[in-house]
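One structure below.
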Amino acid sequence: MLANISSDTDSRKVSRVAIYGIVAIVAILLVAAVLLFLNLPDANAFNARVERIFVENDLRTQAEIKLLEILAQSGTSFSDVLTSYRMVIFVLLIFSTALLIAALVFLVMIVALSRRMSEIEKRGIEVSSLLISRAENTVYLNNMEFKLTPAAIETLSVLAEARLDDDVLSGAEIEAVISGRKESDCDEAAGATRIKRLRDTLGNQMVSELLVKNIARKGYMLSCPRDVIKMV
């Protein structure tokens, strides 16, 4: 129950961070857009200057009138270009907002997944059923089927039998049980090699590392309740 409460609390914190981040991004870009558009020159400023020249000066010759027409056309072109620039800036602001929001969402998701993985590593894998079939060289972990080699299934069986007795086996003890020799005649590295091969055969790194626990200075054991283990 405490784990569920903690998970719900973390989810709410992550959701609040995401919401606050999105609101902050939109607010910052909105303020930037307003300031940018306010400081852009007026699209009709050039035309207004040309009109002022026409009003304040007595233009009579054909050349002067022609020059004024050219200036007016330039002003119209300037107005059109500035309008297109405004549109481009607006589209870029929308894209930047979408990209920043997407980056924030992905970052929050990565942080949430990282916290979840940390919780799993701390608590270990939650095993609801562990069925070991020696005849088929197969192990069924939470209804997931893993096909193992005969040596790997033998190692897992030894660990399962030890877990039923709440025992922690060293590498030498594992090698002694499997080989039938005395523990004093077995090497610690041989048992460690069997554990490594078992983990490699399981394939899934998370499953193998969390299922087969390595207890410092003691040995190896399965991190699952005794009542979920069945051997056939």
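Among all heavy-atom pairs drawn from Ser170 and Tyr220, the shortest one is C-CD1, 4.4 Å. Scanning all heavy atoms of the two residues, the minimum distance from Met231 to Ala160 falls at SD-CB, 4.0 Å. Between Leu222 and Leu156, the shortest heavy-atom distance links the atoms CD2-CD1, 3.9 Å. Contact between Leu100 and Ile25 at its shortest, heavy atoms only, is O-CD1, 3.6 Å. The shortest heavy-atom contact between Ser157 and Ile132 is OG-CG2, 3.7 Å. Heavy atoms only, all atoms of each residue included: Thr201 and Thr149 are closest at CG2-N, 3.8 Å.
Two different hydrophobic clusters hold Ile101 and Val91 under the rule that ILVMFWY side chains link at heavy-atom gaps under 4.5 Å. Note: the hydrophobic cluster containing Ile89 does not contain Leu30 (ILVMFWY, side chain heavy atoms under 4.5 Å, direct or indirect links). Transitive grouping of hydrophobic side chains (ILVMFWY, heavy atoms separated by less than 4.5 Å) brings Phe106 and Leu104 into a common cluster. Linking Ile, Leu, Val, Met, Phe, Trp and Tyr residues whenever their side-chain heavy atoms come within less than 4.5 Å leaves Ile28 and Leu99 in two separate clusters. Both Phe90 and Leu93 belong to a single network of hydrophobic side chains, linked directly or stepwise wherever heavy atoms of I, L, V, M, F, W or Y lie under 4.5 Å apart.
With rounding to the nearest 0.5 Å, the separation of CG in Leu169 from CD1 in Ile174 is 5.5 Å. Distance check, rounded to the nearest 0.5 Å: OG of Ser133 to OH of Tyr140 gives 6.0 Å. Atom CG in Leu107 sits 6.5 Å away from atom CD1 in Ile110 (nearest 0.5 Å). Rounding to the nearest 0.5 angstrom, the gap separating the CG atom in Leu159 from the CZ atom in Arg194 is 11.0 Å. Distance check, rounded to the nearest 0.5 Å: CG of Asn137 to CD1 of Ile153 gives 6.0 Å. The CG atom of Asp187 lies 8.5 Å from the CD atom of Glu175; values are rounded to the nearest 0.5 Å.
Through direct or relayed side-chain contacts under 4.5 Å between Ile, Leu, Val, Met, Phe, Trp and Tyr, Ile215 connects to Val168, Met221. Applying the 4.5 Å side-chain rule to ILVMFWY residues, one finds Val31 in the same cluster as Leu35.
Residues satisfying the side chain to side chain contact (heavy atoms under 4.5 Å, CB included) test with Lys196, not counting sequence neighbours, are Asp200.
You'll find the side chain of Ile94 stays beyond 4.5 Å of the side chain of Leu29, heavy atoms only.
In this structure, Glu188 contributes its side chain and Ala172 its backbone to a donor-acceptor pair below 3.5 Å.
No more than 12 heavy atoms of other residues, nucleotides or ligands shown are found within 6.0 angstrom of NZ on Lys230.
One finds no salt bridge joining Glu136 and Lys147 here, because no Lys/Arg side-chain nitrogen approaches an Asp/Glu carboxylate oxygen to under 4.0 Å. Here Arg134 pairs with Glu161 in a salt bridge; the nearest charged N to carboxylate O distance falls below 4.0 Å.
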Side chain to side chain contact (heavy atoms under 4.5 Å, CB included) for Leu148 and Thr138? Distances and angles first, verdict last.
CA-CA 6 Å; Leu148 306 183; Thr138 306; over 6 Å; no

Show, in sequence, the C-alpha distance, side-chain angles and deciding distance for Thr155 and Ile178, and conclude whether the side chain to side chain contact (heavy atoms under 4.5 Å, CB included) test is met.
CA-CA 7 Å; Thr155 304; Ile178 295 175; 3.7 Å; yes

